[in-house]
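A quick write-up on the structure given underneath.
As the structure is a prediction and not an experimental result, all values here were calculated from the model. Throughout, residue positions are numbered sequentially from 1 according to the sequence presented.
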Amino acid sequence: MSKVKLTIDKQSVEVEEDSSILEAAKEIGVEIPVLCYHPDLSLHGACRVCVVEDEESGNLLASCATPVRDGMQINTRSMKARKARRRNVELLLANHPNDCLGCDRNGQCELQDLTYELGINSEDVQKFAGEQSEYDLDTTGPALKRDPNKCILCGRCVRICEEVQGVSALQFTGRGFDSIVTTAFDLPQAEINCVNCGQCATVCPVGAITELSEIDKVWAALEDEEKHVLVQTAPSIQATLGEEFDMEPGTIVTGKMVAALRRLGFDQVFSTDFAADLTILEEGSEFLKKLNGEGELPHITSCCPGWVKGAEHNFPDLLKHLSSAKSPMQMFSALSKTYYPDQTGVDPATIYTVAVMPCTAKKFEKDREEINGSDFKDTDAVLTTREFARMIKEMGINFNALPEEDFDELMGESTGAATIFGTTGGVAEAAVRTVKEKLTGEPLERLNLGFRGINQAEVEIGDRVVKVGIANGFDNAQKLMERVRAGECDLDFIEIMACPHGCVGGGGQPRPATNEKKEKRGQGLGSIDDTSKVRKSHENQQIIKLYEEFLGEPLGGESHHLLHTKYKARPKN
């Protein structure tokens, strides 16, 4: 591809001919404000916050959507461009609720940041005062809250839901002042085939789409002296939480995370990684049976609740292929109210279980009617990574200065295999590590499935070649499942994650999220696996003890009752 030379703010730059002005400016360190633009989505060019001036024609150009041209002379700082940016943001603010202090995104809002950076004050906005849109909040869904009054029509949520996830649960309707982003037929969130992945919330620049917060519920439980409050943390959190405290993506903060949870007042701090190892024992045993002809291949993982709900809506005929094993979160919660009280003597009626998850769909999963294995509600509350960080800040804890502390015993030990559950390909690799060693006694070399949306690898297990595949991002999952439905897929084991890059890219993870950041998070988890003394789930000594003293054996009666579930077909629309 040929190069193009142009001048931006009197600086020469040479870039590929298919580059935009915005990309060219970044090459020389010139920052242009953006709002509707997102590096991982298609170009929209609607907000006009990124306008720059073409010195030759005097025209204002949307830098995110305008390709470079040889000999261009661009001024990003001219008075004309700066006035236009201010005016466009002032018009957005004129139809935006003035409730920043009570907004979920206060302090982390791109519109708020732009308002400050462009020097806009309340008097500037009052020039355009007039009628404002008034819509009802949609809090009917189990995971997400939509506030159309805060929507700035940037289209990011529409694009990620359609282009990346392939769900198309959100669309623009209306014209002019009546334009709005809403669901099909304007149905409530609870009545559509949304998979609750929360990707819309990760790209929304304002507070129009956020998770349904359970922070107050958790504070109340921690303050209740009659409750014994347990917390579990998902594998990916240790590589993403640091971003909320200005650390580089992928920074491992496991010890500080544990210390923070203790200071918040939790009675016991455990790791979901423990249950990830348990999942491998149960799901690996299922896969072994299918390899021996007891059940249909391919075997498909079921630990991602967004994927499971999407399969129930769109592939009910293929649910028989899904593992019946619960997710690690639900396995852990079931044990929290059975095995834990059995070992400690704590009254299970007093136990309150909290899960810190990367995923908004986990809020949906905990309320599934068929998911509970104990005599109680297994998971009482789910906090996203963002909610957890807010609680740390609210408590006034200096996270960066915390000491390194270890998880509590009994359900705190885990292996490297469990850690990589948090990134795409990790569940598949962990499962095949155990399956191959149990069948042949030989260790598995790395699968190296990478972060790509769809990928596959072959593994020699004895005299058989086992074909393993992954799909991350719901659109990729649908493409792979259509191949399974058509009988065109010869894979034996398929891992599916609804979110791009898996749990490190979950809908509850720190914002802003880009593919580049997600890869660094995944690499961080990989570094834990690389340095772990124990890297295979079946070698977790606490899991071995759990089976010996409580569960019996994988797929046995007690295991099946506590650790397995079922699925149901849901309406397509």
Side-chain angles (χ1 to χ4, degrees), residues 36 38 41-42 44 46-47 92 95-97 104 131-213 305-319 359-365 367-369 473-479 481-482 485 498-499 507 567-573:
C36 69
H38 191 282
L41 302 175
S42 65
H44 195 47
C47 70
L92 288 174
N95 191 36
H96 198 76
D104 290 343
E131 182 183 354
Q132 287 193 327
S133 303
E134 287 189 34
Y135 300 102
D136 294 331
L137 271 66
D138 185 353
T139 58
T140 62
L144 299 167
K145 175 178 71 175
R146 290 195 309 115
D147 186 350
N149 301 296
K150 294 178 181 176
C151 179
I152 58 172
L153 303 177
C154 68
R156 286 188 190 177
C157 60
V158 174
R159 284 177 282 156
I160 199 165
C161 193
E162 180 177 345
E163 299 169 4
V164 177
Q165 297 300 79
V167 177
S168 299
L170 298 169
Q171 286 295 338
F172 286 102
T173 64
R175 296 173 65 89
F177 183 75
D178 295 322
S179 294
I180 184 176
V181 171
T182 187
T183 60
F185 308 107
D186 205 26
L187 288 169
Q189 190 89 12
E191 297 179 22
I192 61 173
N193 63 347
C194 168
V195 299
N196 299 306
C197 68
Q199 290 301 304
C200 51
T202 67
V203 298
C204 178
V206 292
I209 305 178
T210 58
E211 65 263 63
L212 279 171
S213 178
W307 151 242
V308 170
K309 185 171 185 287
E312 290 175 324
H313 282 297
N314 301 289
F315 301 99
D317 53 317
L318 300 180
L319 292 177
C359 173
T360 51
K362 290 291 182 184
K363 292 176 181 284
F364 157 76
E365 181 185 41
D367 291 330
R368 290 182 67 116
E369 294 177 1
F474 194 75
D475 187 47
N476 288 320
Q478 292 187 100
K479 290 173 182 174
M481 290 301 286
E482 289 293 355
R485 176 179 274 164
C499 292
Y567 315 108
K568 59 185 178 184
R570 296 175 187 268
K572 175 91 173 173
N573 184 14

State, with a plain yes or no, whether a side-chain heavy atom of His38 is found less than 4.5 Å away from one of Ile160.
no
Original post:
Can you check whether Val181 reaches Cys157 side chain to side chain, under 4.5 Å on heavy atoms?
Top reply: yes
#### Entry: Test item: Asp475 and Gln165 side chains (from C-beta on) under 4.5 Å apart, heavy atoms
no
Tightest non-hydrogen contact, residues Met481 and Leu318, listed as CE-CD1, 3.4 Å
What one should report as the nearest heavy-atom pair of Cys499 and Cys197 is SG-O, 3.9 Å
When every non-hydrogen atom of Ile152 is compared with those of Pro205, the smallest separation belongs to CD1-CG, 3.8 Å
CG of Leu319 to NZ of Lys568, rounded to nearest 0.5 Å, is 12.0 Å
May I ask you to say whether Lys362 pairs ionically with Glu365, meaning some side-chain N is under 4.0 Å from a carboxylate O? yes
Heavy-atom closest pair (Val158 atom, Phe172 atom, distance to 0.1 Å) is CG2-CE1, 4.1 Å
When every non-hydrogen atom of Arg570 is compared with those of Phe364, the smallest separation belongs to NH2-CZ, 3.5 Å
side-chain contact (heavy atoms from CB on, under 4.5 Å) with Ile180: of Ser133, Pro148, Cys151, only one passes, and it is Pro148
message: Could you check whether any side-chain heavy atom of Leu170 comes within less than 4.5 Å of a side-chain heavy atom of Thr183, counting everything from C-beta outward?
response: yes
Is Glu482 salt-bridged to Arg485, going by a charged N under 4.0 Å from an acidic O? yes
_Checking Cys154 against His44 for the side chain to side chain contact (heavy atoms under 4.5 Å, CB included) test, could you report, in this order, the C-alpha distance in whole Å, the side-chain angles of both residues, the deciding distance, and whether it holds?_
CA-CA 8 Å; Cys154 68; His44 195 47; 5.7 Å; no
Going by heavy atoms in the side chains, are Asn196 and Lys309 under 4.5 Å from each other?
yes
Quick one, Asn193 and Glu312 - any side-chain contact, counting heavy atoms below 4.5 Å?
no
*Whether Thr360 side chain and Gly507 backbone form a donor-acceptor pair below 3.5 Å*: no
The reported gap from CG in Asn95 to CG in Asn149 (rounded to nearest 0.5 angstrom) is 8.5 Å
- Task: Taking the side chain as every heavy atom from C-beta outward, state whether Glu211 and Lys145 have any atom pair closer than 4.5 Å.
- Result: no
Q.
Is the ring pair Phe315/Trp307 parallel, tilted or perpendicular, if the boundaries are 30 and 60 degrees?
A. tilted
Between the main-chain N or O of Gln189 and the side-chain N or O of Asp138, is there a donor-acceptor pair closer than 3.5 Å?
-> yes
query = Taking it one step at a time, do Gln199 and Phe474 satisfy side chain to side chain contact (heavy atoms under 4.5 Å, CB included)?
reply = CA-CA 10 Å; Gln199 290 301 304; Phe474 194 75; over 6 Å; no
Minimal heavy-atom distance between Ile209 and Cys200, with the atoms involved, is CG2-SG, 3.6 Å
Got Arg159 and Cys36 here, is their nearest side-chain heavy-atom distance under 4.5 Å? yes
